[in-house]
Amino acid sequence: MKTVTPIFRIFNVEKAKEFYIDFLEFKVDWEHRYEPDLPLYMQVSSGECVIHLSEHYGDCCPGSAIRIAVANIEYLHERLTTKQYKHARPGLDHDDKSLSITDPFGNRLHFFEPQP
């Protein structure tokens, strides 16, 4: 086994891009639709973190959660809070070196800085 790629259910492409691209600063690697009016399936990434986002009904359930290791949790927290995104203002747990954010579709992203 090598890597895991989580799939998160989304319901609105614009909201997904506002959250993952504009707020979290992931980039869109690719997008796929079988037809122009069919659901979107896309890959977003930031560094080594890769997430698939799907509008397809049967791919996954909303409300999933993942943990993402980061090198500097304080820097991530500062970057995110500076943006003053109206739908998420994540707090930093200094003891645990972590912060959690819920996307517009109920999926939870738990960022943490691995401790020695």
Side-chain angles (χ1 to χ4, degrees):
M1 291 186 220
K2 294 197 180 207
T3 61
V4 173
T5 304
I7 304 171
F8 279 161
R9 179 82 154 90
I10 61 171
F11 300 99
N12 179 297
V13 175
E14 290 75 26
K15 279 276 181 215
K17 288 183 175 180
E18 176 184 279
F19 181 80
Y20 286 96
I21 309 308
D22 299 338
F23 179 53
L24 293 183
E25 298 179 3
F26 279 64
K27 66 181 176 76
V28 175
D29 298 322
W30 49 261
E31 298 181 348
H32 173 72
R33 293 179 193 267
Y34 287 103
E35 302 273 338
D37 62 338
L38 290 179
L40 177 69
Y41 191 93
M42 71 177 171
Q43 177 175 298
V44 297
S45 66
S46 179
E48 295 177 37
C49 179
V50 175
I51 301 172
H52 286 191
L53 304 174
S54 178
E55 285 187 302
H56 291 269
Y57 175 79
D59 281 350
C60 49
C61 297
S64 297
I66 59 173
R67 289 176 37 90
I68 303 168
V70 297
N72 185 336
I73 197 76
E74 286 89 2
Y75 176 71
L76 174 63
H77 180 254
E78 181 182 328
R79 248 183 35 231
L80 296 178
T81 54
T82 299
K83 292 181 179 202
Q84 298 191 6
Y85 180 60
K86 66 181 177 179
H87 301 293
R89 302 276 171 92
L92 176 62
D93 183 332
H94 292 278
D95 297 329
D96 204 17
K97 293 278 197 174
S98 66
L99 65 89
S100 296
I101 306 169
T102 301
D103 79 3
F105 318 104
N107 301 301
R108 295 173 314 278
L109 296 93
H110 303 288
F111 296 91
F112 70 98
E113 184 174 328
Q115 299 304 300

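Remember, it's a predicted structure, so these values are computed and weren't measured experimentally.
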J.: Can you list the other members of the hydrophobic cluster that holds Y41, where links are side-chain heavy atoms under 4.5 angstrom apart?
T.: I7, W30
J.: Any non-hydrogen side-chain atom of L99 less than 4.5 Å from a side-chain atom of L80?
T.: yes
J.: Among Ile, Leu, Val, Met, Phe, Trp and Tyr joined by side-chain contacts under 4.5 Å, find the other residues sharing a cluster with L38 and list them by chain and number.
T.: Y34
J.: Out of curiosity, H32 NE2 to H56 NE2, how far, rounded to the nearest 0.5 Å?
T.: 6.5 Å
J.: Kindly compute the distance separating CD1 (I10) from CE (M42), expressed to the nearest 0.5 Å.
T.: 4.5 Å
J.: Verify, without hydrogens or angle tests, whether R89 (side chain) and T81 (backbone) share a donor-acceptor contact under 3.5 angstrom.
T.: no
J.: Has F11 got more than 12 heavy atoms of other residues, nucleotides or ligands less than 6.0 Å from its CZ?
T.: yes
J.: Who passes side chain to side chain contact (heavy atoms under 4.5 Å, CB included) against K86, sequence neighbours left out?
T.: none
J.: Identify whether the distance between the nearest side-chain nitrogen and carboxylate oxygen of E18 and K15 falls below 4.0 Å.
T.: yes
J.: Rounded to the nearest 0.5 Å, what separation is found between the NE2 atom of H77 and the CG atom of D93?
T.: 10.5 Å
J.: Keeping to residues at least two apart or across chains, list the salt bridge (Lys or Arg N to Asp or Glu O under 4.0 Å) pairs with something in residues 68-83.
T.: E25-R79, E25-K83, E74-K97
J.: Rounded to the nearest 0.5 Å, what separates atom CG in L24 from atom OH in Y85?
T.: 8.5 Å
J.: Run the salt bridge (charged side-chain N to carboxylate O under 4.0 Å, His left out) test against R33 and tell me which residues pass, sequence neighbours left out.
T.: E55
J.: Which side-chain N or O atoms in residues 104-116 pair as donor and acceptor under 3.5 Å with protein atoms at least two apart or in another chain?
T.:
from : atom 1 : to   : atom 2 : distance (Å)
N107 : OD1    : G63  : N      : 3.1
N107 : OD1    : S64  : N      : 3.2
N107 : ND2    : R9   : O      : 3.1
N107 : ND2    : D103 : OD1    : 3.4
N107 : ND2    : D103 : OD2    : 3.0
R108 : NH1    : G63  : O      : 3.0
H110 : ND1    : S100 : OG     : 2.6
E113 : OE1    : I73  : N      : 2.9
Q115 : NE2    : E113 : O      : 2.7

J.: With rounding to the nearest 0.5 angstrom, report the CD to CG distance, E14 to D22.
T.: 11.5 Å
J.: For residues V50 and L76: do they belong to one hydrophobic cluster (side chain heavy atoms under 4.5 Å, members Ile, Leu, Val, Met, Phe, Trp, Tyr)?
T.: no
J.: With a 4.5 Å cut-off on side-chain heavy-atom distances among I, L, V, M, F, W and Y, is there a chain of contacts connecting F23 to I66?
T.: yes
J.: Are L92 and Y75 connected in the hydrophobic side-chain network, where two residues link if heavy atoms are under 4.5 Å apart?
T.: no
J.: Hey, are the side chains of C49 and F26 touching, using non-hydrogen atoms and a 4.5 Å cut-off?
T.: yes
